[in-house]
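Right, one structure below, let's go through it.
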Amino acid sequence: MPQYFGQLHTTEPSWTTLGTVQAIEKSDRHLLFHCGEPCLKISVLAANLIRVRVTPTGKFLPRRSWAVTQEDEQWPAVEFEVKEQADVVEITTQQLRVVVHRHPCRVECFDLTGQGFAEDVNLGVGWRKGAVAGWKKIAAEEHFYGFGERSGLLDQIATTRTNWTLDALDYDVLSDNLYQAIPFFMALRPGLGYGIFFNTTFWSQFDIGVQQPGVWRMETQGGELDYYIIYGSEPANIISTYTQLTGRMSLPPKWSLGYHQCRWSYESQDVVRQLAQEFRQRQIPCDVIHLDIDYMDGYRVFTWNHKRFSEPQALIDDLKQDGFKTVTIVDPGVKYEPEADYPVFDEGLKHDYFVRKTNGQLFHGYVWPDKAVFPDFLRPEVRNWWGDLHKNLTNMGVAGIWNDMNEPALDDRPFGDPGNKIAFPLDAPQGPADEISNHAETHNLYGLMMAQASSQAMEKLRSPERSFILTRSGYAGIQRWSAVWTGDNQSLWEHLEMSIPMLCNLGLSGVAFVGADIGGFAGNATAELFARWMQVGMLYPLMRGHSAMSTARHEPWVFGDRVEKICREYIQLRYQLLPYIYTLFWEAATTGAPILRPLLYHFASDRHTFTLSDQVMLGASLLAAPIYRPGVEYRAVYLPTGRWFDWWTGEAFTGPTHILAHAPLEKMPLYVRAGAIIPMAPVMQYVEEQPLTSLTIRVWVGEGEFTHYEDDGQSFEYKTGKFSTTNYRVYTQEGKNIVEIGAREGDYSPTAREIIVELVGVGEQRFVDDGTGRRLVFSLND
């Protein structure tokens with residue numbers, strides 16, 4: 001908990017709890033249980049979705065504009081049955097049963113087989129000055145995932161997880177709250193799963209069996225307990241419903257799925273030009289170059305340093321000609337310069353767009369431009385004003401925006417002097433007049449609202465082209481506006497290993513477009529560490545190399561010929577897999593599914609996967625077992641049930657089984673499921689290098705299918721139906737291997753291209769796709 005909150009638990013005053021149910025009110029969607037003045041409200045929103053609210057005062061808080069995307073009444077009506085008995089009230093849908101006990105008032109849930117979950121224990125719900133909390137049972141064999149951005153292992157059992165955005169410099173495996181605050185988790189055990197979205201933006205915390213073994217607690221400094229229970233037999237069901245609540249990502253531009261290169265900082269346009277030239281001359285694919293804070297004039301946002309970057313438009317135009325998109329960093333702190341004719345400050349001050357203290361004084365802190373003030377992004381007019389300022393960048397050709405320092409991060413004195421991290425005063429008013437709040441309620445929203453402003457601005461200013469948005473901080477629903485990276489990691493083997501569970505838990509929290517700085521941001525990577533990190537980074541939905549000013553350079557070629565070759569080959573593999581990866585992004589945009597997935601996502605009944613943090617799946621077909629230790633060339637790999645093939649050698653294995661994989665520096669163990677179908681592109685230097693003249697459909701013997709999604713990768717026309725899908729199937733019939741290509745569906749027609757259908761280890765067929773997308777069936781045999 002931040003130091004400016006005081007010590008919430010020092011005196012431990014007693015909790016007041018819900019008493020006996022005295023009266024019940026029923027409507028077509030809600031049941032209201034009166035327990036004297038306090039009330040419990042149960043809302044049935046879907047067959048697997050229940051909202052639970054408890055107010056100590058008898059009055060529920062008003063809905064906030066930043067809350068979940070759908071109000072309760074906007075959900076389609078759902079059938080449920082209510083049975084009132086002497087001691088309990090039962091609410092039954094087609095998927096679950098909620099039981100409310102009358103004496104005292106307590107809530108518990110059951111699946112239709114009678115297995116209990118999310119069951120109130122101990123106090124049930126309690127409140128005291130400054131806090132409301134709920135206690136529930138941890139079932140036998142229950143494991144906990146998600147919680148947004150979390151360091152450490154995949155399973156979050158026996159941890160305390162605080163939801164309060166923080167500039168988490170130098171975080172490690174034991175850190176609690178980081179840059180993102182997403183109060184959502186899913187609990188899984190064999191045969192049953194559920195999710196909890198704690199609908200509070202105030203400081204909140206989950207205690208997963210630390211204070212009391214066998215009990216998990218949620219606590220908030222808001223005035224009521226408000227949470228959603230999502231039942232699901234598998235993680236996919238849970239995450240689909242959760243992202244209906246909080247929103248889903250839009251499809252990013254396809255170029256943003258390529259390799260990004262970044263450093264704090266490429267200090268001049270000459271250095272950037274040389275960087276671009278190195279990538280092209282060395283034939284290492286790359287699509288994006290990021291400019292960190294030194295492109296600005298004195299770190300003033302929306303300016304250019306005309307000594308370092310004297311001709312920004314010419315630079316960006318030349319980069320574009322060579323296949324590179326430019327992404328610029330934008331921080332929220334606006335330099336305080338009342339006498340300097342700095343339009344951003346002058347306009348913000350004139351229109352009163354900056355956060356003030358309760359006494360009316362401008363609030364300020366110290367960040368890169370020295371003394372700075374901060375826009376109130378909770379106000380729509382401020383977001384619009386801030387968004388329009390992006391013209392200073394888009395007019396030069398900037399194609400993406402990188403929001404940093406937006407937890408918000410600031411000090412109480414100039415950077416470089418010994419100082420303390422501070423935050424806005426908790427009572428500082430924020431938000432529009434008709435929805436006025438304070439920083440205690442909106443702190444966790446600052447990065448989210450800044451990302452929203454950036455996203456909406458770029459869509460407006462760069463239409464009809466899609467843009468790329470990246471943020472360090474956010475709250476539940478950040479996936480609607482931005483990609484996320486895991487902040488200032490370090491060039492340590494521990495941070496390489498930690499990146500996979502971090503990104504998987506973000507994915508299980510609804511945030512699919514995620515990445516970690518390849519090579520580590522702080523410190524100097526060794527050649528071996530960098531090679532291994534690039535192999536893992538090939539799997540990240542966001543593949544970006546980044547390093548800090550005080551470190552050695554971290555481009556692929558600085559580590560010698562051997563590592564450069566490894567980096568080239570794995571980045572090339574990333575580009576070959578882009579048709580498959582882009583389809584995974586479509587799945588994320590339409591269902592909320594993560595792109596990078598822990599094994600438990602697809603094998604939720606396999607106990608071996610529940611705590612497996614060092615293996616990962618890219619979609620449903622590819623399983624990677626990266627190397628996370630120096631000097632290691634062999635590792636144990638767990639292959640779940642089914643038949644698996646070594647990606648590199650074609651060797652087959654039958655799971656469930658453990659194998660010992662050989663992994664010299666050049667090789668990351670990679671496996672593919674039997675029946676997998678993976679569309680692959682030729683090697684290219686950048687996504688828009690040329691029209692796709694050939695497409696290889698790699699198929700592995702077995703039973704399986706895959707729906708391949710395509711659109712132009714650039715515009716928003718997919719939102720109005722200009723996309724296509726092609727369904728592929730592989731199966732065995734009368735001893736023959738059959739590959740079936742369904743007729744293309746949809747309004748998008750790719751350019752004519754050669755299709756190579758390769759049944760791995762068996763044979764291939766070739767044909768020309770002339771754009772008609774007709775159905776075809778092939779028989780491929782030895």
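Please read these numbers as outputs of a predicted model, since none were measured by experiment.
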Within 45° cone and under 6.0 Å: Arg544 NZ/CZ vs Trp485 ring =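 The answer is yes; both the distance and angle limits are met.
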Indicate yes or no: at least one non-hydrogen side-chain atom of [X] is less than 4.5 angstrom from one of [Y].
{"X": "Met684", "Y": "Pro285", "answer": "no"}
{"X": "Ile595", "Y": "Tyr540", "answer": "no"}
{"X": "Leu759", "Y": "Val701", "answer": "yes"}
{"X": "Gln212", "Y": "Asp207", "answer": "no"}

Angle class for the [X]/[Y] ring planes (parallel below 30°, perpendicular above 60°, tilted otherwise)?
{"X": "Phe197", "Y": "Phe184", "answer": "tilted"}
{"X": "His260", "Y": "Trp255", "answer": "tilted"}
{"X": "His662", "Y": "Tyr634", "answer": "parallel"}
{"X": "His143", "Y": "Phe610", "answer": "perpendicular"}
{"X": "Trp644", "Y": "Phe603", "answer": "tilted"}
{"X": "Phe521", "Y": "His546", "answer": "tilted"}
{"X": "Phe144", "Y": "Phe147", "answer": "tilted"}

Identified ring-ring contact (aromatic ring centres under 6.0 Å, His included) partner of Tyr709 from the options Tyr580, Trp586, Tyr728, Phe585 |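 By the ring-ring contact (aromatic ring centres under 6.0 Å, His included) criterion, Tyr709 pairs with just one of Tyr580, Trp586, Tyr728, Phe585: Trp586.
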Can you tell me how far apart [atom1] ([X]) and [atom2] ([Y]) are? Round to the nearest 0.5 Å.
{"X": "Leu600", "Y": "Ser605", "atom1": "CG", "atom2": "OG", "value": "11.0 Å"}
{"X": "Asn505", "Y": "Met186", "atom1": "CG", "atom2": "CE", "value": "9.5 Å"}
{"X": "Arg574", "Y": "Leu539", "atom1": "CZ", "atom2": "CG", "value": "8.5 Å"}

List the steps and the verdict of salt bridge (charged side-chain N to carboxylate O under 4.0 Å, His left out) for Glu703 and Arg729.
-> CA-CA 8 Å; Glu703 305 274 334; Arg729 289 182 60 212; 5.6 Å; no
Lys565 atom NZ, neighbour heavy-atom count above 12 within 6.0 Å |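 Counting neighbours around NZ of Lys565, 12 or fewer heavy atoms of other residues, nucleotides or ligands fall under 6.0 Å, so no.
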Taking everything shown except Gln115 itself, do over 12 heavy atoms lie less than 6.0 Å from its CD?
->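 Buried by this count: over 12 neighbours within 6.0 Å.
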Write down the atom of Ala512, the atom of Pro594, and the distance for their closest heavy-atom approach.
->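 So the minimum-distance heavy-atom pair works out to CB-CA, 4.3 Å.
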Flag the pair Arg698 and Glu758 as a salt bridge only when some basic side-chain nitrogen lies within less than 4.0 angstrom of an acidic carboxylate oxygen.
->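 Yes, charged N to carboxylate O under 4.0 Å.
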Between Tyr231 and Phe117, is the ring centre distance below 6.0 Å?
->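 Aromatic pair counts; centres sit under 6.0 Å.
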is_close_aromatic(Phe206, Phe185), centroid dist under 6.0 Å |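 Yes; Phe185 has its ring centre under 6.0 Å from that of Phe206.
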Verify whether one side chain among Gln261 and Tyr259 offers a donor that lies under 3.5 Å from an acceptor in the other.
->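 A donor-acceptor contact under 3.5 Å links the two side chains.
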Only one of Glu497, Glu528, Glu494 passes salt bridge (Lys or Arg N to Asp or Glu O under 4.0 Å) with Arg629; say which it is.
->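 Filter result, single survivor: Glu497.
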Please list all pairs passing the salt bridge (Lys or Arg N to Asp or Glu O under 4.0 Å) test where one or both residues lie in residues 582-594, with sequence neighbours left out.
->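 Every pair satisfying salt bridge (Lys or Arg N to Asp or Glu O under 4.0 Å) with a residue in residues 582-594: Glu587-Arg597.
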